[in-house]
Number of protein chains: 2
Amino acid sequence: MGLRERKKAETRAALSWAAIRLTVERGFDQVKVEDIAEAAGVSPRTFNNYFSSKAEAVVARQFDRYLRIAEALSERPAEPLWDAITHAVLPQFGPDAETAAHPVGDAARWRAGVYAMIAQQPALQGEMLRAGSAAEARIAEAVAERTGTDPAKDLYPHLVAAAVLAAVNTALTHYLRSDPPVPVERLLTEAITRIAAGLPTP
Amino acid sequence: MGLRERKKAETRAALSWAAIRLTVERGFDQVKVEDIAEAAGVSPRTFNNYFSSKAEAVVARQFDRYLRIAEALSERPAEPLWDAITHAVLPQFGPDAETAAHPVGDAARWRAGVYAMIAQQPALQGEMLRAGSAAEARIAEAVAERTGTDPAKDLYPHLVAAAVLAAVNTALTHYLRSDPPVPVERLLTEAITRIAAGLPTP
DNA sequence: CGCAAATATGCGCACCCCGCAATATTTGGA
DNA sequence: TCCAAATATTGCGGGGTGCGCATATTTGCG
């Protein structure tokens with residue numbers, strides 16, 4: 001990867017991180033594009049070369065995570081579908097390099113801030129769900145390959161992809177709301193297991 | 001219901017219908033709020049008293065439909081959960097009074113227009129998904145009541161609600177894309193049945 | 001009828017997003 | 001090494017949007 005692409009990735013990450021941090025601190029519409037650009041050290045105009053809206057920048061991290069799920073699923077060995085899905089999803093929500101690079105002082109406060117940000121901002125909710133929807137196509141493709149179905153003709157792969165994302169979203173929302181916090185991994189596992197079991201009444 | 005509320009509902013419906021029709025005809029960003037307001041016979045400022053964005057107006061019909069699913073689910077008699085869900089969902093996508101009031105000349109052309117509108121407009125995708133997400137809470141409540149679970153504590157009702165909406169969205173998307181058209185009812189039934197069966201590999 | 005509450009409208013503003021064109025930077029080859 | 005092509009960044013300008021606020025109009029009720 002040349003210098004060019006590396007710098008681009010860095011700028012993108014810096015913009016997204018700035019957008020998230022500022023939004024959690026002040027609230028979504030108390031942050032101007034100008035602020036985000038300044039925090040990332042680029043011009044306001046450049047911001048819109050990377051993201052077509054403020055909301056998109058805030059959600060970029062989550063979007064990348066969804067894409068990694070699809071990627072991981074493609075690379076899983078031959079195994080039962082729902083095992084593969086579980087193993088593709090879980091690692092994406094553990095501690096990663098990116099998180100380590102931006103330590104957060106007060107974890108509880110941060111969690112609450114993230115929840116408020118998502119819960120109270122229609123624009124962010126929509127963008128978050130849209131990110132999932134964009135990844136849906138990729139995941140459906142991976143599922144199709146694994147099950148010998150055809151995304152263009154069959155409902156099945158899209159249905160599985162949508163169900164997986166629904167499980168992930170539900171688990172994450174529950175996680176952000178839980179007090180005291182329940183481990184994400186447990187919630188994700190429970191959600192996926194339940195879906196795979198056909199959601200029988202407990 | 002007094003004259004006041006009736007007129008309000010009428011204005012809301014007129015605005016939403018105008019937004020949909022104009023968007024299908026010309027494309028989302030070739031339509032100005034001013035155009036929608038004019039078509040509905042109100043001032044541009046009034047538009048924003050009803051909807052907080054253009055996208056919200058376009059999606060309002062779908063949003064109402066989702067709410068009716070939750071309502072219908074609450075009112076179903078005692079029966080297995082997934083039977084109740086199926087019976088709550090299907091009727092909302094049959095012919096209704098509203099559709100009859102606005103006959104569409106060329107059905108195929110209209111379907112294609114609706115699909116293009118959704119597929120090519122990020123803002124609309126997000127808003128559409130958000131509408132589902134808003135209804136999710138209501139559906140989760142109905143599920144909780146039916147299964148003796150607690151939305152505030154349990155993952156289960158939210159998971160079911162999210163899965164149902166995922167099924168509906170997937171089926172509708174598939175429907176809009178299908179050529180020749182497959183009946184929506186069949187796709188919806190298939191999607192819900194599959195989810196209830198735990199999505200086993202076909 | 002006449003008043004209080006709810007609703008519609010007009011005006012103005014801050015901000016967002018993008019097209020365009022000029023400038024700066026990186027890359028790959030002569 | 002140095003230059004030209006490819007690519008990125010920036011400044012400028014404009015069309016829209018969404019909303020706060022003050023005002024006019026309509027509705028429901030005593």
Side-chain angles (χ1 to χ4, degrees), chain A residues 1-16 18-20 22-23 25-60 63 117 120-128 130-131, chain B residues 1-20 22-23 25-60 63 117 120-127 130-131:
Chain A
M1 188 192 281
L3 173 61
R4 195 163 213 135
E5 299 173 36
R6 206 182 327 137
K7 279 194 88 172
K8 246 188 118 162
E10 273 170 28
T11 302
R12 184 185 147 92
L15 282 170
S16 178
I20 295 172
L22 291 173
T23 299
E25 281 174 13
R26 303 186 211 164
F28 186 66
D29 30 41
Q30 272 64 53
V31 178
K32 288 185 292 187
V33 168
E34 192 185 338
D35 303 331
I36 301 172
E38 192 188 11
V42 295
S43 79
R45 181 62 184 86
T46 297
F47 173 87
N48 278 91
N49 290 344
Y50 284 86
F51 301 106
S52 63
S53 78
K54 232 189 345 173
E56 198 177 301
V58 173
V59 174
F63 177 64
M117 167 177 96
Q120 294 167 9
Q121 291 299 336
L124 286 182
Q125 289 175 39
E127 199 60 30
M128 187 76 93
R130 204 170 73 78
Chain B
M1 187 191 284
L3 174 60
R4 195 161 214 142
E5 298 173 35
R6 206 181 327 136
K7 279 195 88 170
K8 239 186 125 167
E10 272 171 29
T11 302
R12 183 185 146 92
L15 282 170
S16 177
W17 173 247
I20 294 173
L22 291 173
T23 299
E25 282 174 13
R26 303 187 210 162
F28 186 65
D29 31 41
Q30 273 64 51
V31 178
K32 290 186 292 188
V33 169
E34 193 184 339
D35 303 331
I36 301 172
E38 192 187 11
V42 295
S43 79
R45 181 62 184 85
T46 296
F47 173 87
N48 278 94
N49 290 344
Y50 283 85
F51 300 106
S52 63
S53 78
K54 234 192 339 174
E56 198 177 302
V58 173
V59 174
F63 176 65
M117 167 178 96
Q120 294 167 10
Q121 291 299 337
L124 287 182
Q125 289 175 38
E127 199 61 31
R130 204 170 73 77

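Letters A, B, ... mirror the listed sequences (proteins, then strands); counts begin at 1. Note that the coordinates shown come from a computational prediction; the quantities given were computed from them, not determined experimentally.
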Quick test: give all pairs of protein nitrogen or oxygen and nucleotides 11-15 of chain D nitrogen or oxygen below 3.5 Å, distance rounded to 0.1 Å.
residue : atom : partner  : partner atom : Å
dG11(D) : O6   : Arg45(A) : NE           : 3.2

Which of these passes side-chain contact (heavy atoms from CB on, under 4.5 Å) with Val58(A): Met117(A), Gln121(A), Glu127(A)?
Met117(A)

Looking at every strand, decide which applies to Thr46(A) at a 4.0 Å heavy-atom threshold: base, sugar-phosphate, or nothing.
base

Euclidean distance, atom CD of residue Glu127(B) to atom P of dG18(D) [Å, nearest integer]:
10 Å

How long is the line joining CG of Asn48(B) and C1' of dG16(D), in whole Å?
11 Å

About how many Å separate CG of Asn49(A) and NZ of Lys8(A), when rounded to the nearest 0.5 Å?
8.5 Å

Rounding to an integer number of Å, can you tell me how far Gln30(B) CD sits from dG16(D) P?
10 Å

If only atom types and distance count, is the side chain of Thr46(B) paired as donor or acceptor with the main-chain N or O of Val42(B) below 3.5 Å?
no

Applying side chain to side chain contact (heavy atoms under 4.5 Å, CB included) to Ala60(A) and not counting sequence neighbours gives Arg12(A), Ser16(A), Phe51(A)

Taking all heavy atoms of Ala57(A) and all of Ala19(A), pick out the closest pair and write down the distance.
CB-CB, 4.0 Å

Tell me whether Asp35(A) is salt-bridged to Arg26(A), with the criterion being a basic N under 4.0 Å from an acidic carboxylate O.
yes

Need one value for Phe47(A): base, sugar-phosphate or nothing, where a base atom within 4.0 Å counts as base even if backbone is also close, heavy atoms only.
nothing

Nearest 0.5 Å, please: how far is CD1 in Ile20(B) from CD in Glu25(B)?
12.0 Å

Can you work out whether Lys7(B) or Glu34(B) has the more 5'-proximal nearest nucleotide on DNA chain D?
Glu34(B)

Distance in angstrom units between Lys8(B) NZ and dG28(D) P, rounded
13 Å

SB check Glu10(A) Lys7(A) (cutoff 4.0 Å)
no

Outermost DNA chain C nucleotides near chain B [under 4.0 Å, heavy atoms]:
dA5(C) to dC11(C)

When we call it a touch if two heavy atoms are under 4.0 Å apart, what does Asp29(A) touch: a base, just sugar-phosphate, or nothing?
nothing

Between dC19(D) atom C1' and Asn49(B) atom CG, what is the distance in whole Å?
10 Å

To the nearest 0.5 angstrom, please state how far the CZ atom of Arg130(A) sits from the CG atom of Leu124(A).
12.5 Å

